Amino acid sequence: MKYLSVIFLLFSLSANAQELEALLDSGVNSKGNNQRYFLKAKEKVKTPNDNVLYLFALHQYYSDLKARDSMLLVEKELIPLLDSSSDKVRKSEVFDRIGYYYETSGLYDQAIQYYLQELEVILPTKRAELIRHTYRALSQVHRLYHDYDKSVFYGKKAFEAVENEIDTFPEFKTGALNIIGAAFSEMNLPDSTLFYYNRVMEFVPPLDSMDVSPTIVNIGYGYLLKGDIEKSRIYNRAGMKLYEKTDNDYAKAVIFINSGMTENVAKNYGEALALLDSGIRYTEKSQYAELYTWIYDEQAKIHKATGNYAEALKSMENLITIKDSLFAADRAKVAKDLETKFQ
């Protein structure tokens, strides 16, 4: 009888864990009633590990909403639990979510701090794909922070993390090469830019066109830097064809912005402005603030070239406003973050 009781207990725990996992998945991914799923999941928390799973999923949900205050409250309970269980992988992901929040908010110095904490946590695991992910995040945020030398440095570290993994992680290798190319494009070095982007294309196959779609978009910008308008158009159109049926608003915004830049160089000013307007629409959807700086800067150039100085001034004012908000404003959130962390 005692033996049967143990079996029943184990079966009950297993069934409960599966039900908890399903509820948490719905809480994170459903299109509505998310809080209801989390309330039901809370009732299923029976063990310390259940609590970690619950809090980790709740943090993901708030991260997706960019609800920093709610993330902070979860972190206050979750991080000590991850420390006590030595769960470095989940802890690194928590730092990754925080870093990404600050990156997309334009608070790059804060993003760098959290990505460096993520790196410190994940390096001892020797998980090549996770280490590469962190280095790539550091490369990306340093590029946005206009520290291009460090962006190249971390991009190369990302590639080195998976370079010796023969026949594995091809998408991780190409992601690292992409970020290096992007840094060189910001440095206005088209030959180096295209060198790294063309290295990505060597991975087709095993990768398909959708796997390398970011590179196809980036090559269009690389040829714009090189002054080859026709090739830039070809890759811009190819990129849009790949992304038009996806929900990747960030990629669509970038393509419209790149296309607007290309048509500006070609002196097709009306078309360029229309493309940038589309870029604004998808930037609003993606909530990636940095893209606005590219749009307003390009608009100002076009209006100046066409003699519309009033509109050029308006675009410059918008550019200054967004740059101020990216680099100076919203510091209250940072202060609140530190206050909550040390309470």
Side-chain angles (χ1 to χ4, degrees), residues 17 20-21 24-25 28-29 45 47-64 68 71-72 74-104 108-145 147 150-180 182-183 200 203 206-207 211 214 337 341:
L20 174 63
E21 184 178 343
L24 292 176
D25 182 69
V28 172
N29 297 308
V45 173
T47 68
N49 186 61
D50 289 346
N51 196 33
V52 167
L53 294 177
Y54 167 77
L55 292 169
F56 188 71
L58 189 62
H59 189 266
Q60 175 68 68
Y61 170 65
Y62 288 134
S63 175
D64 291 343
R68 186 68 191 117
M71 290 170 67
L72 282 163
V74 177
E75 288 156 23
K76 191 174 179 181
E77 185 177 356
L78 175 58
I79 291 177
L81 292 175
L82 296 175
D83 285 336
S84 64
S85 61
S86 299
D87 192 339
K88 295 183 182 300
V89 172
R90 285 197 177 94
K91 185 178 179 181
S92 72
E93 186 166 341
V94 169
F95 285 141
D96 187 74
R97 294 170 186 169
I98 302 169
Y100 186 71
Y101 167 82
Y102 285 120
E103 177 188 326
T104 56
Y108 305 127
D109 51 348
Q110 288 299 113
I112 289 168
Q113 288 182 37
Y114 280 101
Y115 285 146
L116 287 172
Q117 289 185 66
E118 177 186 353
L119 182 64
E120 183 179 358
V121 170
I122 206 61
L123 278 175
T125 70
K126 300 188 185 302
R127 291 278 298 273
E129 75 282 10
L130 300 180
I131 293 169
R132 166 264 173 198
H133 173 85
T134 309
Y135 277 132
R136 187 187 184 282
L138 281 162
S139 178
Q140 164 79 346
V141 74
H142 276 95
R143 181 175 67 86
L144 296 173
Y145 203 44
D147 190 341
K150 282 189 178 179
S151 180
V152 170
F153 170 78
Y154 283 118
K156 289 181 177 180
K157 295 290 285 185
F159 184 76
E160 290 168 6
V162 290
E163 184 177 12
N164 295 325
E165 302 290 332
I166 306 300
D167 298 327
T168 58
F169 306 134
E171 67 278 14
F172 295 151
K173 294 173 185 176
T174 57
L177 294 169
N178 263 324
I179 205 72
I180 299 169
V200 172
F203 287 85
L207 301 181
D211 292 323
D337 191 347
K341 180 178 179 181

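From a predicted model like this one, the values you see are computed outputs, not experimental measurements.
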Check whether any side-chain heavy atom of Ile112 lies under 4.5 Å from a side-chain heavy atom of Leu116, and answer yes or no.
yes
Once the angle between the rings of Tyr114 and Phe95 is folded into 0 to 90°, is it parallel (under 30°), tilted (30 to 60°) or perpendicular (over 60°)?
tilted
Candidate pair Gln60 and Asp64, rule side-chain hydrogen bond (donor to acceptor under 3.5 Å, both in side chains), full reasoning:
CA-CA 6 Å; Gln60 175 68 68; Asp64 291 343; 2.7 Å; yes
If the condition is side-chain hydrogen bond (donor to acceptor under 3.5 Å, both in side chains), which residues does Glu93 pass it with, not counting sequence neighbours?
Arg97
Does the pair Gln117 and Glu120 meet the rule for a side-chain hydrogen bond (donor to acceptor under 3.5 Å, both in side chains), with working shown?
CA-CA 5 Å; Gln117 289 185 66; Glu120 183 179 358; over 6 Å; no
Sort out for me which residue in Arg90, Lys91, Arg68 forms a salt bridge (Lys or Arg N to Asp or Glu O under 4.0 Å) with Glu75.
Arg68
Apply side-chain hydrogen bond (donor to acceptor under 3.5 Å, both in side chains) to residues Tyr102 and Gln113 and explain how you reach the verdict.
CA-CA 10 Å; Tyr102 285 120; Gln113 288 182 37; over 6 Å; no
Side-chain donor/acceptor of Asn51 to backbone N/O of Pro48, under 3.5 Å:
no
Ignoring hydrogens and geometry, is there a side-chain-to-backbone donor-acceptor pair from Thr104 to Tyr100 under 3.5 Å?
yes
Residues Ala137 and Asp96: closest non-hydrogen pair is CB-OD1, 4.5 Å
Does Arg132 use its side chain to pair, donor to acceptor, with the backbone of Phe172 at less than 3.5 Å?
yes
Minimum heavy-atom distance between Leu81 and Val52, given as atom pair plus value:
CB-CG2, 4.0 Å
pair Met71-His59: side-chain heavy atoms closer than 4.5 Å:
yes
Donor-acceptor check, side chain of Arg136 to backbone of Gly175, threshold 3.5 angstrom: yes or no?
yes
